[in-house]
Q: 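One structure, as structure tokens, below. Some questions next.
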Amino acid sequence: MTFIFPPHPVTSLPIFARNERFPVRRIFCVGRNYADHAREMGAAEQADGREPPFFFMKPADALVSGEGEIVVAYPPLTQNLHHEVEMIVALGSGGANVTVDAAKDLIFGYAVGLDLTRRDIQGKAKEKGHPWDMGKGFDQSAVAGILQPVALVGHPDRGRIWLTVNGESRQDGDLTAMMWKVADIIANLSTTVRLEAGDLIYTGTPAGVGPIVRGDLLEAGVDGVGSLRARLV
Ligand code: MN
């Protein structure tokens, strides 16, 4: 087969202690998965506890990753770019209508990620009932650190998830506060689409999201997964 121009290279993530890389297919993100963050975003309290998980997406080529300091370009059309530290789940196999009990079998590994958000654009879209895509799915909006295989780290489900900006603490939560756990998220999402090897899932952020500007150094980590550093330029 020939193409009229060279196809875009496959987006991929580095894997700890491996020469091979993880080829990325799609990027799914869970909204409002920590109650303290849902509250700070103004979501109504659910009388019967949690609302069902909901999802949005970023293009695979919005991913920016690396092993050292990751350089991220400040995006256009925003005066209110926000950080959201998240644990990323990377799927090594797929399936539809996966049960909660079988969900973890799909996971290849975990990474630390940033779901960068043009909060002003997202806010206007919410007001108008428009899609969030341009608030969430812009170039370099999905930051990811090194992928840690399950074979090395198991399935982290407790411990700190944190972020600092220029050394100052901004987000400091715990994985146990996720309203929908990783297995629940995979099972639920697999009823909506058929999941495939290479899919990433950003699993939501704890409270403390806020603005970042050019020059800021972001450091973020998840206990049992590792950490990343990103510089906004
Ligand atoms: Mn998020």
Side-chain angles (χ1 to χ4, degrees), residues 13 24 26-43 50-65 70 72 74-75 78 80-91 110-126 130-145 156-157 160-165 169-182 184-186 188-189 192-193 199-212 216 218-222 225 227-228 230 232:
L13 283 181
V24 174
R26 294 173 292 189
I27 303 175
F28 297 96
C29 306
V30 185
R32 296 198 286 257
N33 198 30
Y34 290 74
D36 57 356
H37 173 62
R39 272 194 298 277
E40 76 179 348
M41 298 311 298
R50 56 190 183 175
E51 63 176 329
F54 70 93
F55 300 94
F56 59 92
M57 297 186 72
K58 295 173 185 260
D61 67 1
L63 196 67
V64 54
S65 71
I70 303 166
V72 181
Y74 194 92
T78 183
N80 197 20
L81 181 68
H82 275 204
H83 55 77
E84 297 188 356
V85 59
E86 315 213 352
M87 184 169 75
I88 302 172
V89 176
L91 300 187
Y110 295 85
V112 180
L114 304 176
D115 163 15
L116 296 182
T117 303
R118 293 193 286 207
R119 195 71 73 198
D120 39 5
I121 293 178
Q122 185 199 29
K124 280 184 199 128
K126 280 184 185 173
H130 288 173
W132 290 9
D133 300 43
M134 293 302 108
K136 285 289 195 179
F138 50 91
D139 295 343
Q140 302 197 339
S141 58
V143 181
D157 62 0
R160 285 178 71 215
I161 175 168
W162 57 271
L163 178 140
T164 65
V165 179
S169 176
R170 291 278 191 91
Q171 294 187 265
D172 198 350
D174 196 286
L175 294 177
T176 55
M178 288 173 62
M179 290 189 282
W180 294 93
K181 308 301 181 194
V182 168
D184 299 322
I185 292 166
I186 291 170
N188 186 288
L189 184 55
T192 306
V193 292
D199 288 340
L200 300 182
I201 306 171
Y202 280 63
T203 56
T205 196
V209 301
I212 42 178
D216 281 348
L218 284 68
E219 296 180 273
V222 176
V225 179
S227 61
L228 67 73
L232 212 55

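FYI, the numbering just counts along the sequence from 1. When a ligand or atom number is given, it counts from 1 through the structure's own listing order. Values below: all heavy atoms of this structure, side chains included; hydrogens, waters and symmetry mates excluded.
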Q: Decide yes or no for Leu63 and Ile27: does some side-chain heavy atom of the first lie under 4.5 Å from some side-chain heavy atom of the second?
A: yes
Q: In Glu84, which N, O or S atom comes closest to the Mn ion (ligand 1)?
A: OE1
Q: Restricting to N/O/S, name the atom of Glu86 that gets closest to the Mn ion (ligand 1).
A: OE2
Q: Taking the side chain as every heavy atom from C-beta outward, state whether Val85 and Pro206 have any atom pair closer than 4.5 Å.
A: yes
Q: Please check: side-chain N/O of Lys136 versus main-chain N/O of Phe56, any donor-acceptor pairing under 3.5 Å?
A: no
Q: How far does CG of Leu200 sit from CD of Glu86, to the nearest 0.5 angstrom?
A: 12.0 Å
Q: Considering just N/O/S atoms, say which atom of Asp115 is closest to the Mn ion (ligand 1).
A: OD2
